[in-house]
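One structure below.
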Amino acid sequence: MIAQLDIFVGPEIQWFALSPLLILLGGALGLLLVGALTPPWPKRLYAIVSATTAGAAGVMALVLWDDISETGPTTLVGGALAFDKLAMFMTVTICIGVLLVSILSDDYVHDTPNRGPEIYALYLVAALGGIVMASANDLIVLFLGLETLSLALYVLAASNRRSSESAEAGIKYFVLGGFASAFFLYGIALVYGGTGTTNISEMVAALQTSIDPFSDDTLALAGIALLIVGLAFKVAAVPFHVWAPDVYQGAPTPVTSFMASVGKVAAFAAMIRVLVVALPFYKDDWRPIIWVLALVTLLGGSILAVVQDNVKRMLAYSSISHAGFILVGVEAAGYGAGTSDPGPGVPAVVLYLILYSVLVIGSFAVVTIVSRSTGGDTSIDSFKGLAKRRPALALGFTVLLLAQAGVPLTSGFIAKFGVIQAAVDVESYAIAVIAMVCAVIAAFLYLRIMVSMWVGESTDESAVTIPFSMGVVVTLTVVFTIALGVFPGWLIDAADQVTQYAR
Amino acid sequence: MIAVIEPTWYLLLAAMLFGLGAFGLMVRRNPLIMFMCVELMLNAANLTFVALATRSGDINGQTAVFFVMVVAAAEVVVGLGIIVSILRRRPGATADDLAELKG
Amino acid sequence: MADLVWLIPAFPLAAFLTILLFGRLLGDPKAGYLATASVFASFIVAALIYFDLVDNPEDQRENVVTLFSWIPVGTFQVDLAFLADPLSILMCLFITFIAGWIFLFAVGYMHGDPKFSKFFLYLSLFVFSMTILVLGENLLVTFLGWEGVGTCSYLLIAFWHTRESAATAGKKAFVTNRVGDWGVMIAMFLAFSAVGSLSYTVLNESAETGELAASTASAIAILLLIGAAGKSAQLPLYVWLPDAMEGPTPVSALIHAATMVTGGIFLLTRINPVIEASYDWVPTTMAWVGGLTALFAATIAMTQNDIKKVLAYSTVSQIGYMLLAVGSGAYVAGIFHMVTHAGFKALLFLGAGSVIHGMHEEQDMRKMGALRKFMPITAATFIIGWLAIAGVPPFSGFWSKDEILLYTLGKSTPLYIIGVVTAVLTAFYMTRQIIMVFFGEARWTSLANAEEAPEVAEGEPPVETHGAHGEFKPHESPPIMWIPLVMLAGVAAIGGIINLPKLFGIPSGTATRLEEWLHPVVEFGEADISGTWAYDNKYLLVAVAVACALFGVMLAWLVYERKRIKPWEPSLFEHGWYYDAAITWFMGNPGRDGFQVVADFDAKIVDGAVTGTAVAVKATATEARKGQTGYVRQYAAVIAVGVVLLLGWFVVIRGIL
Amino acid sequence: MSDATFLEYVVFFSAAVMILGGAIGVITMKNPVHAALGLVSTLFGVAVQFVAMDAQFLAAVQVIVYSGAIVVLFLFVIMLLGVDESMDLSIEPIPIQRPLAAVMAVGLVGLVAAAIIRARDALVINPGDGIASATDAGDNDANIRQLANNLYGDHVFAFQLTSVLLIVAVAGTVLLTRKWPKDAPETESSDS
Amino acid sequence: MLAAETGPIAFPILSALIFTPIIGAILIALLPKSRPEYPKMVALMASVATAAMSIWLMASFETSDAGFQFVSKHSWIEAWGISWHLGVDGISLFLVVLTGILFPLAILAVDAHHDEKSYLAWLLMLQAGVMGSFLSLDLFVFFVFFEIVLVPMYFLIAGWGYEKRVYAATKFFLYTMFGSAFMLVGLIATVAIASREIGYTTFDLVIIAEQANFAASTGRWLFFAFAIAFAVKVPIFPLHTWLPDAHTQAPTAGSVVLAGVMLKLGTYGLLRFGVYLFPEASYWSRNLWLTLAVIGIIYGAIAATMQTDLKRLVAYSSVAHLGFIVLGIFAFTSQSMAGSTIQMVNHGVSTGALFLFVGWIYERRKTRQISDLNGLQKVAPIFAAAFMLVMLSSIGVPGLNGFVGEYLILTGSFLTARWWTVVAAVGVILAAVYLMWAYQRVFHGEPDEDNKKFPELKLKEGMVLLPFLGLIVFMGIYPKPVLDRIEPSIDALITRVEAYTNYEAPEPTIQLRDEEPADDQPAEEPADEEGEG
C-alpha cells in the first residue's frame, strides 16, 4: 500500500529548546567565517569567544532545565531529539568541559604556529555533536552526532603537525574509530530490522506493545551487541580500549583533556540513551555484559596503569578505570530501567561524569603546564621536584590526583560514593567491592606521581612558568573539586532529578 | 505472486560484505586500503538498511542510507586529510610503521 | 593506732621522694642516714601497732585500713587497702628492723660510690614496696608490692650496670620472677572469677566455709606456688638468686636473703585456708618442692668457693625449709624460721660484705683464710651466725628448724629424712665456709694485687675509692659497719625466744609467743600434730637434730681444718647440677632460634604475602602491556575479538538458546 | 512473471558476484589503484541491488556520490602521494594476525548470519506503510517523493545535522592542511 | 532524633575541636616563607587551644551519663541522608583528650629537619582528621575522617621519614585504603538495608543502631566488611605488616601520633562500629577475634624480641599491646572492655613516649640499630631513668598505667575466655623479655667511643616528657576518675550485646562446678618462652 504523497507537512521545530545547539553552531560558524575573513585576532580572543559561546549554551541549558521541571520531558523536531533532564544535564556538563578546555587551549594554541580559530570551532562543533548524542531520540541522529564528535576528535588528535606522535594518534584513532562506527551503524541497521524503527520512542512503544511468543528478536539482539561495541569503543571499555592510551598520549594535551571529558561524557550519555532509555526491554540481556565490561575495564585500567612511566599515559589508563567505575553505575541503572522506580543508577552516572570531567581537565591542564617547560616531555621524571619549583601547582595537582583516587572531601570521592551506592542499592555487591579494590590499585599510580613531585629531587632546574589561562583552569578545577567534595548537596539533588526520560 | 527475492538473501550478502571489510582492515597495511575496507563495511550496512526497509515496507531505512552516505563522504574527506598529512611526511608508510606509541 | 598502719610504707616512700628530688644535694652520706631514719621510723610505727594489737582480744587483731578505691569496674572493686593483722605486723617488724641495720651498714659499705644516693633511693623504694607487699589487704595490693620489690631487685642487682654480668643478672631475675608472676596473675583471675573479690578476707572465708570448690582452691594454690617459686627462688625457678649476688652485698643481705625472697612463703601463709581447702596433693607438692629445693641447694652450697654464692645457695636451701613447713601445715614454724633466718642470714651476708670490703672486693674464699686475726668483730659475729644457721642450740636457727622438722615428720617420713640430711649438709658447708674464711692459713698474702685488679670488673667504683693498693692487708670494717653486725648477731643468738617450744617449763600462754600471736591468722590451716608419733617423741627429735648439726660441723672440721678426709667436691654440685647451664643453653640456642624462626616467618611469609601481591600485580601489568603492541591492525583484531564475544553472548546465549 | 523472478535471480547473483568479488579485490590487490577499482565494482554492485529493491534514488546517489566522488578522491590521493607501487602481501609482520583476523571475520559473519537466518520468518514489528516504487503505480517519482517527504519530515533535524558534519569536514581539512610556518624541519617526536 | 533532642549547647565544642587545627593548618599554609619562626608558633597555639578545649570537655563531661554528650547535629547532604553529627561518650572521651594532648607535645618534641611549614600544616590536618574520626556519629562523616587521615600521614612519612620512607608510606596508604574499600561497601550496604526498616535513608549511626536490626546473616556480612578495615588499622595479625615499616620510617612525631592515636582508630572503630552497630555479629565471631588477638600478643612479642632496630621493636610491641585491647573488646565483660578502653589511652601515652625516646636517640646518634648503642645509662642517667619508667609502664608493672589496663583486660577476659587469657598472660612475661633485653643492650654496659658523647636529656625534652610521666604514674595509681567516666558507656554497650544475643555478662560467683582449671602445666610453657639466657 502506498503512502499519501500530495500534501507535505513538515514537523514543527522548537527553536528555543534547541538554543544550546544553535548557540554552539553559531559560535563555531562565527569563528570559522569571521576568523577566515578577518586578519588574525589578538591573543585570547578566539578562546574567549569559544568559552563564552560554551558558557552561553550552558546557561541556556540551565534555563531549559527549569522549563523541563515544569513541562516534563518531551521530544523535539518530530521525535528526533529528546528534551529531558538527562539531555540538559549532559549539555551543561559538556559546556563546562568546552569552557574549560577552550581557556586551557589558549596558550597552547598560541605556542603553535597555527593560531587559527579552527581548533575552537572544532571544539564547539564536537560539543554540539556530543550534545546531540546525549539528547538523541533516534538512533540515526545519535549516529550522526557520534560521527560529528568523532570526526572533530580525529582531526584534533592529529592537529599538532610538529609531532609524529600526534599524527600517529590521529590515524590510529581515525581507522579504529571508523571501524567501530561501522559496527555501530551495522548495529543500528540490525536493531532497525528487529524493531522496525530507529526512533527510540517508537522502539520502546513497539517493544512494550507487541510482545508475542512467535516473534524472534535475535536480529535485534545482534544489533544490540554491535551497538554496545560502538559505545564501548567510545567510552574506552576493555577490550575496546586499545586506542585510548596511544591516542591520549599522542594527541596534544588540551585535546586529550577534551577527549577524556567531553568525549567520555557524550559517549556515556549515548550509552544511557541506548541501553537505559531505548532498550530497558532487553536489560536482562545487556546487564550481564555491562557487568563483565565493568569488571575487565576496572581491572585492566588500574593494573595496566601501574607500570606506566608517562604521566599522560598513566592518566589515560586511569581514565579507563574510571570508565569502569561509570560502567558499574550503568549496570546498576539497568536494574530499575523502564520500571516505575528507576533507582539511583543514572543519577550516579551523570554525577560521576560531571565531577570526573572537571577533574580530568584540571589534571591534564597541569600536565600541559609541565610539558610546556620540559619541551613536551611528560614522563614521570619530568614531574620530579615540582613541589620545590612550584609548590602551589604541585599542591593543586595533588588535590586533583587525590580526588581521582577517591579520597574524601574531594569531588572524586563523592562520585565514587554515588556509584558504589547505586551498585549496592541494587545489591550487586561483588562489583562494588571489586571496584573499590581496583580503586586501591589505581591509587598506587597517583601516589607515584605525588611522590615524584614531593619527594623526588628535580632533575632539571628549568623554571616552570604557568601561563595565565592554564593557571586559571587549574585554579577553577581545584576549587571545584574541593567545593564539590565538601558541599555536593545541590549537585546531587540536581542529578537525582535525572530519572524521567522523553520516550 | 510477485516473488521478489526475500530480504534474507540481501542480508546474508551484506553480512559477508561486512565480514570481508572487517577482515581486510585487519590484514591490509596500507592505510588507504584499510580505509577502503571501512567503506566496504559502511556499504554492507547500507545494503542491510535497504533490505530491511523493503522487508518491513518502511521508507525510514532508505533515508538512513542517505545519511550514511553523507557520513561516508565527510569521513573520506577528514580521513584522507589525515592520511595525506602523514604520508606526505613519511611516504610509503604502512600502518605498522606508525607504532611509536605502545605499551 | 592500727589506723596509722599506712605510716609504715609512708616513711620509706617519703625518703624515696626526698632522695629522688634532692638526692644529689644530700649526697653521701646524708641520703643514707635519711633512708635509715625513715626505715627505723617505720619500725617504731610497726612496734606501736604491735603493742596496740597485742592488747586486743584475738578476734579483733585484724584491722583493714582503706586508703582509696584503686581499680573499680563493675563487680571488680579493688581498694588500695592495708590489712593490719598479726602476720603483716610481724612481717613489718622484722623487715623494718633488719632493713634498718642493713641500711646503716650500707652507709658505710657504699661510702664513696658515685651513685650513693641512687642506691638508697632504690633501697627506700624497696622497703616501701616490701611493706606494701606484706600489708596488702587484697591480692592486687600485694601484687603491687610483689612486682615493686621485683623491680627494685632488678634495679639493685643491675646497680653496677656497666658490668655486663650484673646487667644480665638483673634482667634474669626480673624475667624469672615474671614467670612466677604469671602464676600469681592467673591465680588472681581465678580467685576473682570464683569469689568475685580479691580480698584475703573474702577469699579465706569462702575457703573456710567450704564455698570455694576444692578444684578452684587447688588451682589457686598451685598457681600461687608457681609465683612463690619465682619470688622465693624455689625449684624450678631458683636460678636467678645465685646470679643476683652480682648486686652490692647489702642488697643481697636485705633483698635476696632476709625479706623479698620470703615473700612467696608469706603469700602462701596468707592464704593458708585456701591451701587447706584444696586437694591433699597440693600441700604435699609444696612440701616436696620445698624439701627437694632445700637438699638440692645444700648440695650445691657444699662446693661453692664464692663467699656470697655459698650464702646464696644456703638461702635457697633455707627457704626450701620454709616451704617445706608450709607444705606440712607448719605455718607458724615457717614464719618463725623466716624471722630467725632473716636475722642470721642478713648477719652472714653483712659479715661476708664486711669481709669482701676488708679484702678489697675479693670474694673467692680460696684466697682468704685466717681472717679472724684481722677482723675480729666480723669473725665473731659471723661465727654466731654460723652457729645459728647450723642449728646449734641455743641459737635461733636451732629452734625454728627443729620445729619444722617436727611437723615434717608429722607429715611424712621421707620428707623428714630429707630435712635431716639437709640439716647435716647445712652445718657442713657453713663450717667449711667459716674455716676457709677465718681459720686455716692465710692464702691471700701470697697473691699480689696486680692480678686481683682485673678480677674486679672494670667500672666498679668502690675499687678506686679504696685508695692505692700498696701493701695489701685485710682490715676491720669501720664501726658504722660492724655495729649492725653486732646488733644482728644479738638477734641471731637469741632470736629463738619469740617462739620457744613448750619444753623445759618455759612459761606458756603469753600472747607474746609467736604461736599464739599468729593463731588467728593460721588457725584454719595450721596442722595439728598432737598425738602423732613425732609429737610424742619430741625430745628424741631434738636430740637427732642437735646430733646432725654437730655431726656436720665435725665432718667439715675434719675435712677442711684437720685435713683428715680428702674434700669431696663433685663438679656436678659445683656447677649446680648443670641446671642453670641447661636452661641458659636452651634459651640461648633452641629458644632463640625458635624466636628467630617466628621473626623470619613474619618478614618472609606474612609480609611476603603483601609484597608478593604487589609484585604479582606489577608482573601482570608488565605482561599485559606487551599486548598493547601499537599496531593498529592488531588493535582492530582485539576489538574484533570483543565483537565476536559479545555477539556470541547475545546471539547464541540469549537469542538462540 | 516467473522469468522475471529468474531475471531477478540473475541480477541478484551477478550483482552479488560484483560486490564480493570487488571486496575480495580490495583486500587482495597489491596495488592500491587496483584495490580502488575493486571498490568501484563493489559499489556498483550495491547500487544494482538498490535498484532491485526499489531504491532507485539511493542507487543513483550511490553511483554518483560513491563511485563518482569518493573513489575518485581515493584515486586522487593515491596519485598525489604516489603510493601506487605494489606492496608485497605475502609477508605478514604480525604473526598471528591473519589467522586471527580470518577466524574473527568468519565468526562475525557466522554469528550475524545465524541471527539473520533465525529471524527470517519472524514477523515484522510495526511495519511501515509501504515503499513507493517507481516501477509500479506509473508514478516515476514515487520513490523520490516518498523519500523526500520522509527526509524533510521526520528526519529534518538529522538532515540539518549532516550540514554540521560537513562543517567539521571543512574545518578539519583546513586545520590539517593549513601550511605551518617554519614547518620545514620534520622533527620526529619532538612532542612527548 | 534521639541525639538531637539532647539539645543545642552554647558553644559547638566538638566542631571547634575539629576545626581549630584545620584553621591553624590553613594559617600556616598562608604564612609567608620569609618568617620561618611563625609556623611553629601558630601550630603550637592551634594545638594547645585544641588541647585546652579537650581538657575542658573532659572536665565538663557528665560522669554518670552513658549516652552521647555535647551532641551537635546539622544536616550536611540531605540527598543522601548525611548529617554532620558529632558526639562524645565515655569510650571516645579520653581518646579525644589524648589526641588533644599528644599533638602539641609531638610538635614541641621534635623539629622537622626541613620545610617545617608544610610539616606542621600536615600535622594539624592529621589532628583534625583523628579528632573527627573519634567524634563523628555519622557513618559517612566517620568514613570521611577515617580515610582522610591517610593523606597527612602519607605525606608526613613520605616527606619527613627515613631511608625507606616512600615504600613505607605507600604501603601504609594502600594497605589501609584496601581495608577501607570493604568498609565503604559495607557501610553503604548497612545504610541501604537499614533504610528499608527505618523508612528513609540516613547515615546517622545512632538512628541506625536504635531502629534497625539486621538479620543475623546480613549483620555478619556487614560486620566483617567493617571489621576488615579496622583489623588493618589496629592492626590485628596477620594484617599488621604495614605497621613496622610505617612506624620505623615515619618521623618521630609521626610515629608518636601513629602509635598514640591512629592505631586506636581501629580498636575504637571495633567498639563503636563493630560491637555497637552489630552486637550479634561481633558476639558471634568473638572466638575468631580472641584467637587472633592472642596470636597477636604472643607473636608480636616474639617478633619484637628479635628486632635489631629499636624503633621496629617498639612497633612490634604495639602489635602485642593492641592484641590485648582486642582481646578485651571481644571478651564482652565490663572489666575487659573498660580495660581495653583505658588501655587505648595508656598505650598511647607509654608507646608514644617510647617513640619520643627512640626519636631523640636517633637525633643524637643518627642510628636506630640496637647494636650501635650501648652504655647510655652511664653517660645519660636521667635520660635512662625516664626511659626506664616508660619501659616499666609498657611492661605493665603495677602502680604504672600500663598495668591497670592490661590487668583489667585479662581479669575480665578470664571470665568469658579463660584459656585465651591464660595464654595471653604469657605476653606479660614476653614484654619483660624484649624490653629489658633491649634496655640492657642499649643502656647498660660500658659506652664505647661513639656513645661516650651521648648528650643528656635536654630541658625542653624534659618538659615534653613531664606530662607523659605524670600520666603514667597518675593513671597507674588513681585510674578511678577515668574508669568512672568509661564504665557507664561500656555497661550500656554490654547491655546492648545482651539484648541482641543470648549472651549474659558473667557475675563472678562462688563456682561449685568441679572442672579442672589451670594447673601448673602451662607454667612450664612460659619458662620456655623466656627467651635468650
Side-chain angles (χ1 to χ4, degrees), chain A residues 168 171-176 178-180 182-183 186-187 190 194 216-230 232-233 237-247 250 282 284-286 288-289 292-293 296 299-300 302-308 313 317 438 440-441 444-445, chain C residues 71 73-74 591-657:
Chain A
E168 178 181 338
I171 191 147
K172 277 183 176 172
Y173 195 16
F174 170 70
V175 170
L176 294 174
F179 193 55
F183 280 110
Y186 199 43
L190 293 179
D216 182 293
D217 53 3
T218 324
L219 212 50
L221 284 171
I224 294 169
L226 296 181
L227 286 181
I228 292 180
V229 170
F233 176 88
V238 181
F240 307 102
H241 71 290
V242 274
W243 60 276
D246 296 3
V247 174
Y282 291 107
D284 297 345
D285 302 318
W286 57 257
I289 284 297
V292 175
L293 278 181
V296 291
L299 285 174
S302 34
I303 290 181
L304 275 166
V306 167
V307 286
Q308 301 304 329
R313 209 172 175 81
Y317 277 110
C438 288
V440 176
I441 302 175
F444 174 71
L445 100 125
Chain C
I71 306 181
V73 176
R592 190 169 188 159
D593 299 349
F595 274 37
Q596 194 55 53
V597 167
V598 173
D600 297 344
F601 172 81
D602 189 64
K604 300 215 167 47
I605 310 298
V606 183
D607 195 23
V610 180
T611 42
T613 323
V615 173
V617 171
K618 259 204 162 66
T620 323
T622 331
E623 280 312 304
R625 74 183 294 185
K626 295 207 184 89
Q628 192 83 6
T629 52
Y631 295 123
V632 188
R633 307 182 300 129
Q634 200 158 43
Y635 292 174
V638 174
I639 292 175
V641 173
V643 172
V644 171
L645 290 178
L646 257 63
L647 275 173
W649 164 264
F650 276 96
V651 174
V652 178
I653 311 281
R654 302 300 302 187
I656 293 168
L657 302 182

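Letters A, B, ... are given to chains in the order of the sequence lines, protein chains preceding strands, and every chain is numbered from 1. These values consider heavy atoms only, across backbone and side chains, with no hydrogens, waters or symmetry-generated copies.
To the nearest 0.5 Å, the span separating CG on A:Leu176 from CD1 on C:Ile639 amounts to 5.0 Å. Between atom CD1 of residue A:Ile441 and atom OG1 of residue C:Thr620 there is a gap of 9.0 Å, rounded to the nearest 0.5 Å. Rounding to the nearest 0.5 Å places OH of C:Tyr635 at 14.5 Å from CZ of A:Phe179.
Residues of residues 598-607 of chain C never come closer than 4.5 Å to chain A when only heavy atoms are counted. Residues of residues 623-632 of chain C having a heavy atom under 4.5 Å from any heavy atom of chain A, listed by number: C:Ala624, C:Arg625, C:Gln628, C:Gly630, C:Val632.
Within the 4.5 angstrom heavy-atom criterion, only side-chain atoms of A:Val306, from C-beta onward, approach chain C. Heavy atoms of A:Val175 lying under 4.5 Å from chain C belong exclusively to its side chain. For chain C, no part of A:Ile171 is nearby; none of its heavy atoms comes within less than 4.5 Å. When heavy atoms are compared at a cutoff of 4.5 Å, A:Leu293 does not approach chain C at all.
The two residues C:Leu647 and A:Ala225 come nearest to each other via the heavy atoms CD2-CB, 3.9 Å. A:Asp285 and C:Trp649 get closest at one heavy-atom pair: O-NE1, 3.0 Å.
Counting only distance, with no hydrogens or angles, the side chain of A:Trp286 and the backbone of C:Phe650 share no donor-acceptor pair below 3.5 Å.
At a threshold of 4.5 Å between non-hydrogen side-chain atoms, the residues C:Arg654 and A:Thr218 do not count as touching. Looking at heavy atoms from C-beta onward, C:Val643 lies in side-chain contact with A:Leu226 at the 4.5 angstrom threshold. Between C:Lys618 and A:Phe444 the shortest side-chain heavy-atom distance falls below 4.5 Å.
Put simply, of C:Ala621, C:Ala614, C:Gly642, the one with the most heavy-atom pairs under 4.5 Å next to chain A is C:Ala621. Between chain C and the residues A:Phe233, A:Tyr317, A:Phe183, A:Phe240, the most heavy-atom pairs under 4.5 angstrom are made by A:Phe240. Taking A:Leu304, A:Ile224, A:Val292 one by one and counting their heavy-atom pairs under 4.5 Å with chain C, the maximum is reached by A:Leu304.
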